[in-house]
Amino acid sequence: MSAWSYSGLKTFQQCPKKYYHLKVAKDIKDTGSEATIYGKELHKAAEDYVRDNVPIPPQFAFIQATLDALKNIPGEKLCEIELGVAKHDGKLSACGFNDKNAWYRGIADLLIINGDEGYLVDYKSSKNAKYADLKQLDLLAAAVFTHYPEIKSLKSALIFIVSNEFVNKEHSAHHRLAYFEHVRFDLERLEIAMQTGVWNAVAGPLCGWCPVKTCPNYRERRK
């Protein structure tokens with residue numbers, strides 16, 4: 001099976017047909033919505049400020065207090081770290097993000113390393129934490145433990161910067177393999193789809209925003 005990511009797996013859960021066009025056939029490109037473009041700009045502002053002390057643009061001034069608190073945490077700060085994980089005979093090993101043998105790919109917005117302890121942060125630009133999914137933190141934590149074996153424990157958080165909400169979790173290197181088990185069912189479904197070539201469309205409330213406009217479930221949303 002080709003490499004997968006948290007966002008890709010979420011797309012497959014939402015609609016296998018959408019996943020096929022975006023990730024397998026790659027015959028359709030998702031140019032993103034205003035919300036996703038806003039999120040990318042916010043992430044870039046946070047990265048530049050934490051890593052290089054680049055002043056935060058005025059439209060994102062509200063994130064400075066949160067970022068200052070993160071900068072005050074002792075330790076080496078790594079921004080937008082690309083983490084590739086290879087899997088062979090059930091064993092995980094670190095690999096390059098774009099390596100052909102990559103099994104999982106994830107990007108940590110901020111990783112702070114302080115001895116055998118670490119802090120893992122993922123910024124969220126959505127309005128609130130109502131639909132927070134901690135599986136993303138589990139997967140990133142497993143990748144961090146794989147790449148940095150000196151880290152034994154992680155304090156991780158989804159930080160919803162707009163609503164100033166924090167969804168926290170603690171991770172241990174002892175459970176590194178178990179964190180990937182949380183998505184095994186969906187990975188098995190994805191592997192079956194890859195083997196059979198069956199990518200069923202699923203109708204849902206987000207069909208109007210889907211870039212796969214040739215799908216029979218697509219309906220032009222009202223302005």
Side-chain angles (χ1 to χ4, degrees), residues 1-43 80-88 90 92 95-109 122-127 129-144 146 158 160 167 177-221:
M1 187 175 73
S2 58
W4 60 278
S5 66
Y6 167 81
S7 61
L9 200 57
K10 293 290 287 186
T11 298
F12 178 77
Q13 291 172 337
Q14 181 189 48
C15 179
K17 182 175 176 62
K18 179 180 179 181
Y19 181 94
Y20 170 77
H21 287 288
L22 295 181
K23 303 294 185 179
V24 182
K26 298 181 180 179
D27 55 356
I28 293 177
K29 185 175 179 60
D30 190 352
T31 57
S33 62
E34 291 183 6
T36 56
I37 293 172
Y38 176 85
K40 288 180 180 179
E41 292 176 348
L42 187 149
H43 275 71
E80 297 297 319
I81 300 300
E82 296 181 335
L83 303 166
V85 175
K87 185 178 182 181
H88 182 69
L92 305 180
C95 70
F97 187 80
N98 294 312
D99 284 3
K100 291 183 178 179
N101 67 328
W103 172 71
Y104 162 79
R105 293 183 178 128
I107 300 177
D109 290 341
D122 192 85
Y123 307 121
K124 296 297 181 185
S125 57
S126 46
K127 294 180 180 179
K130 183 177 180 181
Y131 300 107
D133 186 354
L134 291 175
K135 289 188 181 70
Q136 181 178 11
L137 292 179
D138 291 338
L139 300 175
L140 284 173
V144 168
T146 303
L158 299 175
F160 291 79
V167 181
L177 293 175
Y179 295 134
F180 281 118
E181 286 295 307
H182 296 173
V183 295
R184 184 173 68 172
F185 174 74
D186 287 309
L187 287 178
E188 290 175 348
R189 290 180 56 230
L190 176 57
E191 187 166 8
I192 290 172
M194 293 290 291
Q195 293 173 349
T196 62
V198 177
W199 304 90
N200 293 318
V202 176
L206 298 179
C207 286
W209 283 263
C210 182
V212 187
K213 297 182 179 181
T214 56
C215 176
N217 293 326
Y218 177 79
R219 296 290 183 274
E220 191 75 35
R221 66 182 186 274

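These figures come from a predicted structure and were not determined experimentally.
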Exercise for the section: Report yes if some heavy atom in the side chain of Lys10 is under 4.5 Å from a heavy atom in the side chain of Asp133; otherwise report no. Expected result: yes
Exercise for the section: Would you indicate whether the side-chain heavy atoms of Met194 and Val24 approach each other to under 4.5 Å? Expected result: yes
Handout entry: Pairing residues for Val167 by the side-chain contact (heavy atoms from CB on, under 4.5 Å) criterion, not counting sequence neighbours
Key = Ala129, Ala132, Leu134, Leu158, Phe160
Handout entry: Pairwise side-chain contact, Leu190 with Tyr19, heavy-atom cut-off 4.5 Å (strictly under)
Key = yes
Fill in the blank from the handout: Quick note, salt bridge (Lys or Arg N to Asp or Glu O under 4.0 Å) partners involving residues 22-32, not counting sequence neighbours, are none
Exercise for the section: State, yes or no, whether a side-chain contact exists between Tyr104 and Leu140 at a heavy-atom distance under 4.5 Å. Expected result: yes
Practice task
Mind listing the closest non-hydrogen atom pair of Gly208 and Tyr218 along with its distance?
Solution key: O-CE1, 3.8 Å
Problem - Heavy-atom closest contact (Ala203 atom, Asn217 atom, distance) - result: N-ND2, 3.6 Å
Handout entry: Side-chain ion pair, Arg189 and Asp186, N-O less than 4.0 Å
Key = yes
Problem - Which residues share a salt bridge (Lys or Arg N to Asp or Glu O under 4.0 Å) with Glu181, sequence neighbours left out - result: Arg184
Handout entry: side-chain contact (heavy atoms from CB on, under 4.5 Å) partners of Glu82, counting only residues at least two apart
Key = Phe97, Ile107
Handout entry: Residues, nucleotides or ligands: over 12 heavy atoms within 6.0 Å of Gln195 CD
Key = yes
Practice task
Report the residues that fulfil side-chain contact (heavy atoms from CB on, under 4.5 Å) with Thr31, sequence neighbours left out, ordered by chain and then residue number.
Solution key: none
Fill in the blank from the handout: Minimal heavy-atom distance between Asp99 and Arg105, with the atoms involved, is O-NH2, 3.3 Å
Fill in the blank from the handout: Sequence neighbours excluded, the answer for side-chain contact (heavy atoms from CB on, under 4.5 Å) partners of Ala141 is Leu120, Phe145, Leu154, His171
Exercise for the section: Could you tell me whether the side chain of Lys40 reaches within less than 4.5 Å of the side chain of Ser125, counting heavy atoms only? Expected result: no
Fill in the blank from the handout: In this structure, CG of Leu187 is separated from CD of Glu191 (nearest 0.5 Å) by 8.5 Å
Exercise for the section: Taking the side chain as every heavy atom from C-beta outward, state whether Trp4 and Trp103 have any pair of such atoms under 4.5 Å apart. Expected result: yes
Practice task
Search all heavy atoms of Cys207 against all heavy atoms of Val202 and return the closest pair with its distance.
Solution key: SG-O, 4.0 Å
Handout entry: Heavy-atom check, side chain of Glu80 versus side chain of His43, under 4.5 Å
Key = yes
Fill in the blank from the handout: Rounded to the nearest 0.5 Å, the OG1 atom of Thr146 sits from the CZ atom of Phe180 at a distance of 6.0 Å
Exercise for the section: Taking all heavy atoms of Lys17 and all of Trp199, pick out the closest pair and write down the distance. Expected result: CB-O, 3.6 Å
Exercise for the section: Over all heavy atoms of both residues, which pair between Ala3 and Ala102 is shortest? Give the atoms and the distance, please. Expected result: CB-O, 3.3 Å
